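Remarks on the structure that follows.
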Protein chains: 4
Amino acid sequence: MTSRRPAKKTAHKGRRTAIQARSKATVEAILTAAAQILEREGPEAASTNAIAARAGVSIGSLYQYFGDREAIIAELARRHVEEMRSVLSGALAELIALPLAAAIPRLMAALIASHRVNPTLDGVLHRMMPESAAIMDEFEDFAATVTAAGIRAHPDLHIADPELAGAILTQAVGGVLRTTLRRYPERILDPALERSLVQLVLGYLDRASPPAAG
Amino acid sequence: MTSRRPAKKTAHKGRRTAIQARSKATVEAILTAAAQILEREGPEAASTNAIAARAGVSIGSLYQYFGDREAIIAELARRHVEEMRSVLSGALAELIALPLAAAIPRLMAALIASHRVNPTLDGVLHRMMPESAAIMDEFEDFAATVTAAGIRAHPDLHIADPELAGAILTQAVGGVLRTTLRRYPERILDPALERSLVQLVLGYLDRASPPAAG
Amino acid sequence: MTSRRPAKKTAHKGRRTAIQARSKATVEAILTAAAQILEREGPEAASTNAIAARAGVSIGSLYQYFGDREAIIAELARRHVEEMRSVLSGALAELIALPLAAAIPRLMAALIASHRVNPTLDGVLHRMMPESAAIMDEFEDFAATVTAAGIRAHPDLHIADPELAGAILTQAVGGVLRTTLRRYPERILDPALERSLVQLVLGYLDRASPPAAG
Amino acid sequence: MTSRRPAKKTAHKGRRTAIQARSKATVEAILTAAAQILEREGPEAASTNAIAARAGVSIGSLYQYFGDREAIIAELARRHVEEMRSVLSGALAELIALPLAAAIPRLMAALIASHRVNPTLDGVLHRMMPESAAIMDEFEDFAATVTAAGIRAHPDLHIADPELAGAILTQAVGGVLRTTLRRYPERILDPALERSLVQLVLGYLDRASPPAAG
DNA sequence: TATGAATGAGGATTCATTCAT
DNA sequence: TATGAATGAATCCTCATTCAT
């Protein structure tokens, strides 16, 4: 990043690297601690002091890296969404070429997988509205966009409004997944759940296609 | 609730009634105040002091009627769920005799209507987990049960597991409705939303029926 | 205030009085404590916790009566200014009829007396700018107005701009008094100080009168 | 200030000079930054971290050159007083020979000029008591001494206590100037202000002289 | 019963200062 | 020497809850 600067600013380039490493470690410790507390004890327990304590860091350090409590939650949400998105994205590539009846089951499996990244944290962040709502919504928006694109890629479907369909399906599936995770977390592994979601989606797509010439 | 208890000790039952009326008024004032604050200013603003102040009641009185803050939220949730349930129930009676293609649209309309009872409060209560989650879930359980019963009443559907179907459909529809209410509240009136939900449900029921051969 | 209300609100009018007395006592305790700390330990020591502690009151009570720390300082300043003003006002009545050469010494004596109300607190409040500046200025404004009025009452003075003269004299005398109080507090009792101020004022008035028909 | 010390230990004095230059630059940067923040954002904003940041220097370096925060303020005050004193001194030389009626206007003009060096900073430093009071007072002491000397240089005045007169006049003029600068900063340019101060001083000197043929 | 004054633990945040590198 | 990460005491303020009247 700064390989060009000649000597100056006290020699060894190791210095800077070491410092950056320490900073990074602190930030990671804080985020990890925050996530742990949110998962295990819930949002009210996640005070800045508690986070700093569990991170093994002074409260001052915490504020050196995060402007305020909300910034911690936001960053946590951002990373969580990024993880979920990457899990989902990973499965997407191979979907494009498949026929619908094969693609949808895979998509549902991918969605379920993405919700398995950290279900508890996901639920908590979903409920911490002012802090993380906008960020969490990004995942649903992403899923909706991707779904709409997929629908558009299958013109044989004759869906009039792919955006609407994408949104509805994403919200519906999201509702099922979040409720399941919160109330019956073990069922997230039940194949019946996945099957049901596939039926939900395929059924909707059928219905939403114009009764057409058939 | 306790009208049966025989006039214990002190005189005229008129007095007692008056007192009970006053008590009731106090309780109502507190709940109304709490609901207003939750709706308009959010959960953080709903401190016991703020609730008492808006209710025009001393905090002392508030604690006379509610053991703690959570009890207020819980009672509020209970009543809210009751209202939603009654809206939904009202529409149910006439559904039973209808053919599915007619019943489902009506059911969706009723569900939407029940979510229109107090959407903001509904959202807030849904997010106040430890306080109201269990109570709020009752509505979804009720809707799921009702849906399962409806499905069972249509044996031509050949749905293997009506309970699962009821749960999935309820969670899916609930997800769509809550997301819509939170992010795009005006769309709750859009007929396209209702249409989509009908497609979602009918499509699922189609799919979940055994692949013909019946 | 509420003598009309029949019974209701739990009888005894003693109740309300007692409560008000308690509230008043708390408020007074807080203000007294704040004044003491400001005088003895300076502005930095006057934290809300320290004030509450010295007042023998919980921090919660402090905030029941004062919205924030600044409100305490402001009320203190308000009262201090009021006291100073009343000392000054008290001396004013008898001044009006006197000839200038007799009036000015009395006015100076009164000003000095008003600064003796609580010199230390006065100095501290004068330096706590955002909190109390505007309020403290009221005293100087009052003194300036009064002086200007006095000047106008002596048309033989031929002072062109009584307002300016009032302001200059007040600021000059204020400067002398505050510096003296801060740096050489014992001199506030020195008759030479008073004499000097009289000379300052009379000399200025002489000079500020047009060389006139002399 | 310390150029005399003989080259101690390490090599070439060129290096030492360079280092000293760098040190000096750092010190200057810190003081400049502190002054800027004090002027523009007030004393509370002038944290050591903020000063270091604006100076483009690490806090570590800041503490290399200043023992603590107070030392920065003190040095700032020292320099500020020095500047004011030099402005005032510059005007003094030519005053000595002048007759009083000519000297006083010039003196007032010089005092005003010295207060125009950095009025905002002056006001702030005046209010930061424990840190800078003693230092700021030096200017007033200087002005008082100079004034007393001037008075003594005019034996025709017959002032009994030139020291007292010097102090009173300095404090009075200081009071007017500081109040004006704080509350009506634009008036510092108003010629009427200067005129008034001249009248104040000359009037006082008149009055403080024995009634002549007495 | 109703009242509302009082409580104090706890939360977010700041800032002077230290010290390993 | 310079750096800047780390520290933690201290600050302001909130809020659920208690209890004397």
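Naming convention: chains lettered A, B, ... in sequence-line order (proteins, then strands); numbering from 1 in each chain. Here the structure is a predicted model, which is why all the values come from computation and not from measurement.
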Roughly, in whole Å, what's the span from CZ in D:F66 to P in E:dT18?
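After rounding, the reported distance stands at 16 Å.
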Quick one: are B:L31 and B:F66 in side-chain contact, heavy atoms under 4.5 Å?
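They are in contact (side-chain heavy atoms under 4.5 Å apart), so the answer is yes.
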Decide yes or no for C:M128 and C:M136: does some side-chain heavy atom of the first lie under 4.5 Å from some side-chain heavy atom of the second?
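No, their side chains stay 4.5 Å or more apart.
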Measuring to OP1 and OP2 of [N], would you say a side-chain N or O of [X] lies under 4.0 angstrom away?
X	N	result
B:S58	E:dT3	yes
D:S61	F:dT3	yes
B:Y65	E:dA2	yes
C:Y63	F:dT14	no

Any side-chain donor near an acceptor of the partner, A:D122 and A:H80, under 3.5 Å
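Yes - a donor-acceptor pair under 3.5 Å links their side chains.
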Looking only at the side chains, is there a donor atom on one of B:Y65 and B:T26 sitting less than 3.5 Å from an acceptor on the other?
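Looking only at side-chain atoms, B:T26 and B:Y65 do not form any donor-acceptor pair under 3.5 Å.
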Tell me the partner of E:dA12, counting only Watson-Crick (N1-N3 plus N6-O4 or O6-N4) or G-U wobble (N1-O2 and O6-N3) with both under 3.5 Å; none if nothing fits.
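Across any shown strand, E:dA12 pairs with F:dT11.
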Does the structure show a Watson-Crick or G-U wobble partner for F:dT21, both distances under 3.5 Å? Name it, or say none.
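Matched F:dT21 with E:dA2 under the 3.5 Å cut-off.
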Which part of the nucleic acid, if any, lies within contact of A:I19, taking any heavy atom under 4.0 Å across all strands shown: a base, the sugar-phosphate backbone alone, or nothing?
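The answer is sugar-phosphate, as A:I19 gets under 4.0 Å only of primed atoms, P, OP1 or OP2.
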Does A:I59 or C:S47 map to a spot on DNA chain F nearer the 5' end, using the closest nucleotide for each?
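Of the two residues, A:I59 wins.
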Could you check D:S23 against C:E70 and say which one's nearest nucleotide on DNA chain F is further toward the 5' end?
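Closest to the 5' end, via its nearest nucleotide, is D:S23.
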N/O donor-acceptor pair, side chain C:N49 with base F:dA10, under 3.5 angstrom
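Result: no qualifying N/O pair found.
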